[in-house]
Amino acid sequence: MLQAIKGMNDILPGEVALWQTIEETARAICEAYGYQEIRTPVLEKTELFARGVGESTDIVEKEMYSFVDRGGDNLSLRPEGTAGVVRALIEHKMHAADPEVRVYYIGPMYRRERPQKGRYRQFHQIGVEAFGIAAPEVDAELMAMLYQFLREIGLPDVVLDVNTLGDQSDRPRYLEALRAHFEQHRSELCEDCLRRIERAPLRLLDCKSERCHAVALAAPLVLDHLGPASREHFDGVRRALDRLQVPHRVNPRVVRGLDYYTRTVFEAVSTGLGSQNAICGGGRYDNLVEQLGGPALPAIGYAQGIERLVMLVADKLALRAPTAVALVPVASEQRAQALEIAALLRGRRIRCILDLAGRSVKAQLRRANRANAAFAVVLGEEEIRRGQVEIKPLVEGESAEQVAIASLVDRLTARCAERAAG
RNA sequence: GUGGGUGUAGCUCAGUUGGUCAGAGCGCCAGGUUGUGGCCCUGGAGGCCGAGGGUUCGAAGCCCUUCACUCACCCCA
């Protein structure tokens, strides 16, 4: 049997409503905060990700879908959204028109990892990026936006973990202090962490192995190694978060996996997702734009995984019931007229179904009921001869009525509106 | 890349030590009113028991191989 590619899922009609609700909520909130949607290609030059995400990250080293196209270019499916957005920003000199650029995107990303619960090879992210603003208040504003979003889709209990990684001037010193600490405890570390000491000492901090965890707890804190500028920035972020009443906690173990982060980093984690528990991750990346050939623009952003949101929200989000009309021609002689009425209703954007298979009235009503139709309109030979049809509600507590065919569309429109309002 | 688990009807799953074991519930279709849904009753369609090989008089159940799905490690959304 033909199957979808491993780790790539079909989102079937039954679950799409949930996706749409999440996406619409995200759009509305982003717009409210002054962000505009941007759409960039899913395919970019491999070099962009190598330089942007970081040569030595797992993502670039072993997870990208890369290939050489017929023209000889090295291309990759985007493993994340920030690099492409930064490329577009630079390419179109967006910062020249307005030094502050706030954008968001929604779309698929690709990473060739072993799939498991909450992790897929094609997954979808809602991402937000703010360029050109160095003030700590943007960091907080962004997190406030995230929090509002989580609240509105019904996840107010998600915990927001915040940390800082320092900037170029204090990070090297901190990394050295970390290396020194871990070197002293080599014998207690897992194999993976031993390899990380040189290359990515920060990563030891969030290792899940218990023994490493113990060593990490005793490790020097970033907060003690921040220069005055970074410290002031972090304090500013926290003050603003408090002011905006965004529930959060400082967690020194949040380090993030991508190379480009500086200063503020944060993530939102949730229980109930298995081991892939991060539903959102982000942070400041003040050097990336320049690093990719653009101006020295400070920036900050985050991305959330839609699949993971859908899993959490699946049983919580109330989906609006379809308000629909089912036209029921009693016999094939009434079908043409039913079609005509359906066209009028549909012209008014009223969801409308109509049996074209010649089913019995009983079968048509059964199907109308299952389709969640609010009203059935029975078109029978006798009534039509009298110039009338029956509007039959399919829910409790509403009365049926006979209406003149001429006023049917208006009457149905009104009753659908009543239901939508009530 | 490394481990564990699972593959029987569209879906969720039963199938005792290999011998009416090819089933149930839900869903789907139809009938129970010459033109009226939901509840209920009755009936029907639908499966080479993931695939290939082996053992056996006999395999959904045992052995081997393979594929797929899934969870976890790693990493991350």
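Side-chain atoms are counted along with the backbone in the values below, which use heavy atoms only and exclude waters and symmetry mates. As the structure is a computational prediction, the values presented were derived from the model and not from experiment. Every chain is numbered from 1, with letters handed out A, B, ... down the list of sequences.
- Take the nearest nucleotide of RNA chain B for A:Y120 and for A:K62: the residue whose nucleotide is more 5' is A:K62.
- For RNA chain B, if you chain together Watson-Crick or G-U pairs that step i with j, i+1 with j-1 and so on, the runs of at least three with distances under 3.5 Å are B:1-7 with B:67-73, B:10-13 with B:23-26, B:28-32 with B:40-44, B:50-54 with B:62-66.
- Taking both residues in full, the closest heavy atoms of A:I353 and A:R346 are given as CA-NH2, 4.0 Å, listed atom of the first, atom of the second, then distance.
- Remark: P of B:A72 and CG of A:N277 are 10 Å apart, rounded to the nearest angstrom.
- Spacing of C1' atoms, B:U55 relative to B:U70, comes out at 31 Å, to the nearest Å.
- Between the side chains of A:T413 and A:R348, a donor-acceptor pair is found at a separation under 3.5 Å.
- Counting non-hydrogen atoms of other residues, nucleotides and ligands closer than 6.0 Å to CD of A:E47 gives a total of 12 or fewer.
- The gap from the C1' atom of B:C74 to that of B:G4 amounts to 16 Å, rounded to the nearest Å.
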Letter per nucleotide, 5' to 3', of nucleotides 26-37 of chain B [B base touched, S only sugar-phosphate touched, - untouched; heavy atoms, 4.0 Å]: --SSS-B--BBB
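- Applying the 6.0 Å contact sphere to CD of A:Q168 captures no more than 12 heavy atoms from other residues, nucleotides or ligands.
- Side-chain atoms of A:R119 stay outside donor-acceptor range of the base of B:A77, with no qualifying N/O pair under 3.5 Å.
- Between B:C13 and B:A9, the two P atoms lie 12 Å apart (nearest whole Å).
- Spacing between B:G43 and B:A60 at atom C1', rounded to whole Å, works out to 28 Å.
- Taken to the nearest 0.5 Å, the CD atom of A:E91 stands 10.5 Å off from the OG1 atom of A:T40.
- Using a 4.0 Å heavy-atom distance criterion, A:G127 is classed as making no nucleic acid contact.
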Reading 5' to 3' through nucleotides 41-51 of chain B, protein heavy-atom contacts under 4.0 Å coded B for base, S for sugar-phosphate only, - for none: -----------
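- Between atom CG of residue A:L150 and atom CG of residue A:D157 there is a gap of 10.5 Å, rounded to the nearest 0.5 Å.
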Derivation and outcome, side chain to side chain contact (heavy atoms under 4.5 Å, CB included), residues A:L43 and A:R78: CA-CA 6 Å; A:L43 216 50; A:R78 62 184 184 193; over 6 Å; no
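- Applying the 3.5 Å distance criterion, the base of B:A72 shares no donor-acceptor pair with the side chain of A:Q276.
- The distance from the CZ atom of A:R112 to the CD1 atom of A:I5 is 10.0 Å, given to the nearest 0.5 Å.
- Because its glycosidic torsion is more than 90° from 0, B:G37 is reported here as anti.
- Annotation: A:R238, atom CZ; neighbour count of heavy atoms from other residues, nucleotides and ligands within 6.0 Å does not exceed 12.
- A:L273 places its CG atom 15 Å from the C1' atom of B:A72, with the value rounded to the nearest Å.
- For the P atoms, the distance linking B:U6 with B:G61 amounts to 15 Å, nearest Å.
- In this structure, A:A303 reaches the sugar-phosphate backbone alone: every heavy-atom distance under 4.0 Å involves primed, P, OP1 or OP2 atoms, never a base.
- Distance, A:F266 CZ to B:A77 C1': 13 Å, rounded to whole Å.
- With RNA chain B read from its 5' end, the first of the two nearest nucleotides for A:E63 and A:A4 is the one closest to A:A4.
- With rounding to whole Å, A:E113 atom CD is found 14 Å from B:A72 atom C1'.
- Atom pair A:E307:CD and B:C76:P shows a separation of 18 Å (rounding to whole Å applied).
- The closest donor-acceptor contact from the side chain of A:R111 to the backbone of A:R121 lies at 3.5 Å or more, if one exists at all.
- One side chain, A:Q116 or A:R119, offers a donor N or O that lies under 3.5 Å from an acceptor on the other.
- For the 3.5 Å distance criterion, the side chains of A:E31 and A:Y104 qualify, holding a donor opposite an acceptor.
- Between B:U12 and B:U17, the two C1' atoms lie 28 Å apart (nearest whole Å).
- Comparing the same atom, C1', in B:G52 and in B:A45 gives a spacing of 31 Å after rounding to whole Å.
- Dashed line: the shortest gap from a side-chain N or O of A:Q116 to OP1 or OP2 of B:A72 is under 4.0 Å.
- Backbone-only engagement by A:R256 is indicated by non-hydrogen atom pairs under 4.0 Å involving sugar-phosphate atoms exclusively.
- For the pair A:R121 CZ and B:A77 P, the interatomic distance rounds to 18 Å; values are reported in whole Å.
- For the P atom pair drawn from B:A51 and B:C40, the interatomic distance equals 36 Å after rounding to whole Å.
- Atom CZ of A:R367 has 12 or fewer heavy atoms from other residues, nucleotides or ligands within 6.0 Å.
- A straight line from CD of A:Q3 to C1' of B:U70 spans 13 Å, rounded to a whole angstrom.
- Atom CG in A:L309 sits roughly 9 Å away from atom C1' in B:A77 (whole-Å rounding).
- You'll find that the side chain of A:R114 is closest to B:U2, out of B:A77, B:C71, B:U2.
- Defined by atom type and a distance below 3.5 Å, a donor-acceptor pair is present between the side-chain atoms of A:Y285 and A:E129.
- Within the 4.0 Å cut-off from OP1 or OP2 of B:C74, not a single side-chain nitrogen or oxygen of A:R203 is found.
- Applying the 3.5 Å distance criterion, the base of B:C76 shares a donor-acceptor pair with the side chain of A:R308.
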